[in-house]
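Nothing here was measured: the structure is a model prediction, and the numbers come from that model. In each ligand, atom 1 is the first atom listed, and ligand 1 is the first ligand listed.
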Amino acid sequence: MNLEFLRCRFKKDTDKVVANYTASIAFDHRLYREDVAGSIAHARMLAKQGIISEKEAELIIMGLVSIREEIEQGEFQFKLELEDIHMNIEARLLEKIGEVAGKLHTARSRNDQVALDLRLFCKEAIAETIDGLRGLQGAILEVAEANKDVVMPGYTHLQRAQPVLFAHHLLAYFEMLERDVHRFKDCLDRTCVLPLGSGALAGVPYPTDRAFLAQEIGFDQISQNSIDAVSDRDFVIEYQAAASITMMHLSRMGEELVIWSSEEFRFIDIDDAYATGSSIMPQKKNPDVAELGRGKTGRVYGNLLGILTTMKALPLSYNRDLQEDKEGLFDTVDTLLPTLEVFTGMLKTVRVNTERTYQAAAGGYSLATDLADYLVKRGVPFRQAHAIVGKLVSYAIDGNKDLGQLDIREYQQFSDLFAKDVLDITVEASVAARNVIGGTAPGQVQAQLDRARSVIEGI
Ligand code: ARG
């Protein structure tokens with residue numbers, strides 16, 4: 001079969017350039033499983049409703065199953081002249097089972113067909129994305145648990161701010177990814193809606209059973225407006241938006257891994273298996289995986305912008321512009337899933353240089369806030385305490401000393417409320433003091449770890 005039947009109202013063949021320009025088979029062949037699944041469900045429904053006979057449905061389904069096999073064996077010949085995956089499969093069905101193949105497209109249009117295929121694709125992509133996110137969360141938890149007592153500087157403005165537990169810092173990413181999981185679960189709800197039965201746009205004049213179709217497909221909702229069902233791709237946009245947010249999170253993590261593994265920081269060592277060398281500088285060990293995760297975020301944002309722009313101002317209902325919904329989506333899935341996978345492996349094998357992180361946490365006047373809090377506990381208003389400690393820090397900087405290197409007399413030059421016990425303000429004491437829900441005190445971080453563990457184990 002070729003597309004001759006489509007050309008009956010024309011007096012000329014399609015121009016070659018046009019055929020090349022409009023064909024989508026180069027990328028939508030990827031939807032073959034979804035397309036076959038949709039067609040099988042449709043054939044069953046047509047038979048159940050008496051629109052085609054049981055015998056015809058059986059033939060059609062058998063043909064579709066064997067086509068799926070041919071594709072999986074790499075034996076299927078995709079033809080550009082047949083435009084897209086839908087026509088390629090239908091044409092092959094005709095070759096295999098004869099004229100009865102022509103009955104499959106009863107009460108259906110490519111418009112509701114492709115909408116279904118893409119929804120099925122997104123459903124699967126969401127499941128795999130959530131698995132990937134859970135895997136990375138598991139790695140975060142593993143590294144956090146293994147380094148439970150490790151202290152590091154917490155930063156604001158990338159300047160040392162206050163000491164925190166390394167596990168606390170890592171678990172921040174666990175929380176981000178947890179919200180990502182929920183975003184994907186949430187968009188699953190709006191993805192699993194059956195468009196089939198909408199026809200080209202107006203519905204179909206056959207006694208179809210859409211509830212049966214939804215059940216066969218495994219969707220729990222049915223689209224309530226046929227024009228909307230063939231027109232909108234907001235479920236694709238939602239996937240792309242959620243993916244963009246996840247990539248943004250991964251990019252921040254990648255950035256930190258790059259910084260932490262630098263000679264200047266030396267907080268972590270990235271495993272050799274997750275680093276690459278330089279073609280000129282023999283000593284180099286580069287964190288390319290983390291960098292690429294950061295870099296690939298750009299293309300995922302680009303794909304989101306692409307589909308948003310394609311959809312903008314499209315009149316209802318179906319327009320061929322919508323064919324542009326696929327490549328960006330595929331690219332996003334093909335970027336996000338491997339990024340999650342490779343970050344999981346990279347993180348699991350990271351070694352933390354605990355002495356370095358401790359030294360860094362103790363230096364840089366990170367305990368200044370604790371000194372101010374010390375005065376507050378002795379009745380000084382916080383703003384005044386802030387000023388006193390500010391002067392003390394300035395004095396220490398001038399003397400080229402850390403706070404811990406000052407003696408008690410030097411402290412007392414700034415406030416006579418400073419007593420000997422001010423010297424007990426250590427990194428450990430600072431961390432332990434932040435004993436609020438979500439804080440960095442060991443007990444609180446343990447609670448975060450426990451919570452994370454129960455999330456991972458699905459309790
Ligand atoms: N390849 C098309 C797409 O991806 C399938 C639907 C074609 N429908 C049409 N009316 N030309 O959107």
Side-chain angles (χ1 to χ4, degrees), residues 1-10 13-15 17-39 41-42 64 67 71 76 78-93 102 104-125 191 193-204 217 223 226-237 239-240 303 306-334:
M1 174 179 116
N2 55 32
L3 293 187
E4 263 161 30
F5 74 94
L6 280 177
R7 303 290 308 168
C8 289
R9 58 95 65 224
F10 297 95
D13 282 345
T14 319
D15 190 286
V17 178
V18 173
N20 275 325
Y21 189 69
T22 54
S24 54
I25 190 62
F27 48 88
D28 71 8
H29 63 85
R30 197 168 160 166
L31 295 173
Y32 77 90
R33 262 186 299 131
E34 291 80 358
D35 202 67
V36 167
S39 289
H42 187 64
L64 288 168
I67 289 171
I71 296 175
F76 191 95
F78 292 105
K79 295 189 183 129
L80 185 126
E81 339 54 281
L82 291 170
E83 269 188 36
D84 56 26
I85 185 64
H86 326 294
M87 299 313 295
N88 267 271
I89 290 179
E90 196 182 321
R92 183 74 185 121
L93 191 62
L104 172 61
H105 212 55
T106 315
R108 187 175 74 169
S109 152
R110 269 189 295 169
N111 296 351
D112 54 353
Q113 186 178 357
V114 72
L116 172 65
D117 290 3
L118 210 56
R119 283 176 184 273
L120 283 169
F121 176 86
C122 281
K123 182 185 177 190
E124 181 70 24
T191 299
V193 181
L194 181 90
L196 209 55
S198 302
L201 79 158
V204 292
I217 293 292
S223 63
S226 58
I227 297 173
D228 172 45
V230 298
S231 298
D232 211 348
R233 296 290 184 268
D234 53 2
F235 61 100
V236 174
I237 297 176
Y239 181 89
Q240 300 259 34
N303 293 333
I307 182 68
L308 278 170
T309 312
T310 296
M311 298 291 300
K312 177 184 175 295
L314 268 192
L316 302 182
S317 61
Y318 178 86
N319 298 271
R320 193 63 178 267
D321 313 46
L322 290 176
Q323 184 167 289
E324 288 293 306
D325 57 5
K326 293 171 198 64
E327 284 167 287
L329 173 65
F330 295 161
D331 184 63
T332 289
V333 174
D334 293 343

What protein heavy atom is closest to atom 5 (C) of ligand 1, reported as residue, atom name and distance in Å?
-> D84 OD2, 3.6 Å
The closest protein heavy-atom partner of atom 12 (O) of ligand 1 is Y318 OH, 2.5 Å
Determine whether a donor-acceptor pair (N or O, by modelled atom type, separation under 3.5 Å) exists between the side chain of [X] and the backbone of [Y].
X	Y	result
D28	I85	yes
S198	G203	no
R320	T22	yes

Side-chain ion pair, E90 and R110, N-O less than 4.0 Å = no
Non-hydrogen atoms of K326 versus ligand 1: any pair closer than 4.0 Å?
-> yes
Taking the six-membered ring of F121 (Phe, Tyr or Trp), confirm whether the NZ or CZ of R30 is under 6.0 Å from its centre and within 45° of its axis.
-> no
Contact (N/O only, under 3.5 Å) between Q323 and ligand 1 = yes
Would you say S24 and ligand 1 have an N/O pair spaced under 3.5 Å apart?
-> yes
Mode of N111 contact toward ligand 1 - side chain, backbone, both, neither (heavy atoms, under 4.0 Å) | side chain
